[in-house]
Amino acid sequence: MGDAWAVRRLSGDDWGLHRAVRLAMLLDQPDAYGSTFAREVAFDEATWRERLGHPVLIAESDAGLPLGVATLFRPDASHAPEIVAMWVAGHARGDGIADALVEACVDLARERGDSVVRLHVMRDNRRAVAFYERVGFAFDGSPGDIDGCDRMSRVLTA
Ligand SMILES: CC(C)(COP(=O)(O)OP(=O)(O)OC[C@H]1O[C@@H](n2cnc3c(N)ncnc32)[C@H](O)[C@@H]1OP(=O)(O)O)[C@@H](O)C(=O)NCCC(=O)NCCS
């Protein structure tokens, strides 16, 4: 059994931690996200702080090690929110961390009065698809924003 961990929302002053985890996930899983380490390693502090304007949830061990992250991104006020940039460190997968990150995102969406949460996933990312289906997401027939990617939705009940 792993160490105890908890989920919290990052603040703007956590931008350095956000940067470190984001760059780690882009190196760990370069095909899972619509971006690259080479692109984002060049971002400045202002860009990382701006990104934290969208809620970024992190799971940390009691010793302060980052174990996973997810962002609840809303393109604008008229759009449903999307879970993006979801990642759990390899050694921590299968321990319920991904479930807790998704539920934290869903709780934030509910607080805003949203009725649906969306996400995009590469259709050959079988572990991610199996995970999202287990926590209530289903392919909704919409194409994703990049080749090989499809959209999934979860309708929120009260
Ligand atoms: C996607 C991710 C966040 C899920 O977190 P996780 O802790 O691995 O998820 P879980 O282990 O709880 O669930 C994965 C499920 O897929 C199953 N699975 C594992 N490998 C699989 C495979 N190759 N094919 C199909 N299912 C698979 C597991 O058995 C599990 O199902 P179960 O809960 O019914 O047993 C994590 O794997 C991750 O960070 N992956 C790399 C980054 C990534 O792909 N992010 C998503 C971008 S959209």
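Counting starts at 1 for both ligands and their atoms, following the listed order.
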Counting from 1 in the order shown, the ligand 1 atoms closer than 4.0 Å to a non-hydrogen atom of H120 are 48 (S)

Short version for A128: what comes under 4.0 Å of ligand 1, heavy atoms counted, is both

message = If we ignore hydrogens and angles and just use 3.5 Å, is the side chain of R118 paired with the main-chain N or O of M152 as donor and acceptor?
response = no

Checklist line | Side chains of L101 and V69 in contact at under 4.5 Å (non-hydrogen atoms) | finding: no

- Message: So is V88 touching ligand 1 or not, going by heavy atoms under 4.0 Å?
- Response: yes

**Item:** Test of proximity, R127 against ligand 1: N or O pairs below 3.5 Å
**Value:** yes

Can you find an N/O atom of G94 closer than 3.5 Å to an N/O atom of ligand 1? yes

message: Let's go through D99 and R134 carefully: what are the C-alpha distance in whole Å and the side-chain angles of both, what is the deciding distance for side-chain contact (heavy atoms from CB on, under 4.5 Å) to 0.1 Å, and is it a yes or a no?
response: CA-CA 9 Å; D99 298 63; R134 179 165 63 69; 2.7 Å; yes

Min over M86, R134, M152, M122 of heavy-atom distance to atom 32 (P) of ligand 1 lands on R134

Under the 4.0 Å line, does any protein heavy atom show up next to atom 36 (C) of ligand 1?
yes

Between R110 and the options D114, V106, L108, the side-chain contact (heavy atoms from CB on, under 4.5 Å) test singles out V106

Pairs of nitrogen or oxygen atoms closer than 3.5 Å, one from Y132 and one from ligand 1: do any exist?
no

Notebook entry, point to check: Is there a protein heavy atom at a distance of less than 4.0 Å from atom 2 (C) of ligand 1?
Noted result: no

Are a donor atom and an acceptor atom from the side chains of W87 and D28 found within less than 3.5 Å of each other?
yes

Any non-hydrogen protein atom below 4.0 Å of atom 39 (O) of ligand 1?
yes

Answer yes or no on whether R22 is positioned over the face of Y33, meaning its NZ or CZ is under 6.0 Å from the six-membered ring centre and within 45° of the axis.
yes

Within 4.0 Å of some non-hydrogen atom of N125, the atoms of ligand 1 are 43 (C), 44 (O)

Nearest heavy atom to atom 16 (O) of ligand 1, choosing from A130, G144, G90, C149, belongs to A130

With a 4.5 Å heavy-atom cut-off, do E82 and L119 have their side chains touching?
no

Beyond-backbone contact of R51 with F43, side-chain heavy atoms, under 4.5 angstrom: yes

Please determine if F131 has a nitrogen or oxygen closer than 3.5 Å to a nitrogen or oxygen of ligand 1. no

Nearest non-hydrogen protein atom to atom 42 (C) of ligand 1, with distance, is Y33 OH, 3.1 Å

Regarding D76 and S78, do their side chains bring together a donor and an acceptor under 3.5 Å, going by distance alone?
yes

>> What I'd like to find out is whether the side chain of F131 reaches to under 4.5 Å of the side chain of V102, using heavy atoms alone.
In response: yes

task = Return the orientation label for the F73 and H54 ring planes: parallel under 30°, perpendicular over 60°, tilted otherwise.
result = tilted

Closest non-hydrogen atoms of R154 and V135, given as atom of the first, atom of the second and distance, are NH1-O, 2.8 Å

Heavy-atom distance from atom 30 (C) of ligand 1 to the protein below 4.0 Å? no

For Q29, the atoms of ligand 1 under 4.0 Å from one of its heavy atoms are 41 (C), 42 (C)

Numbered in order shown, the ligand 1 atoms found under 4.0 Å of a heavy atom of W87 are 39 (O), 42 (C)

In terms of its nearest heavy atom to atom 41 (C) of ligand 1, the top option of R93, R126, M25 is R93

shortest atom 5 (O) of ligand 1-to-protein heavy-atom contact is with A98 CB, 3.3 Å

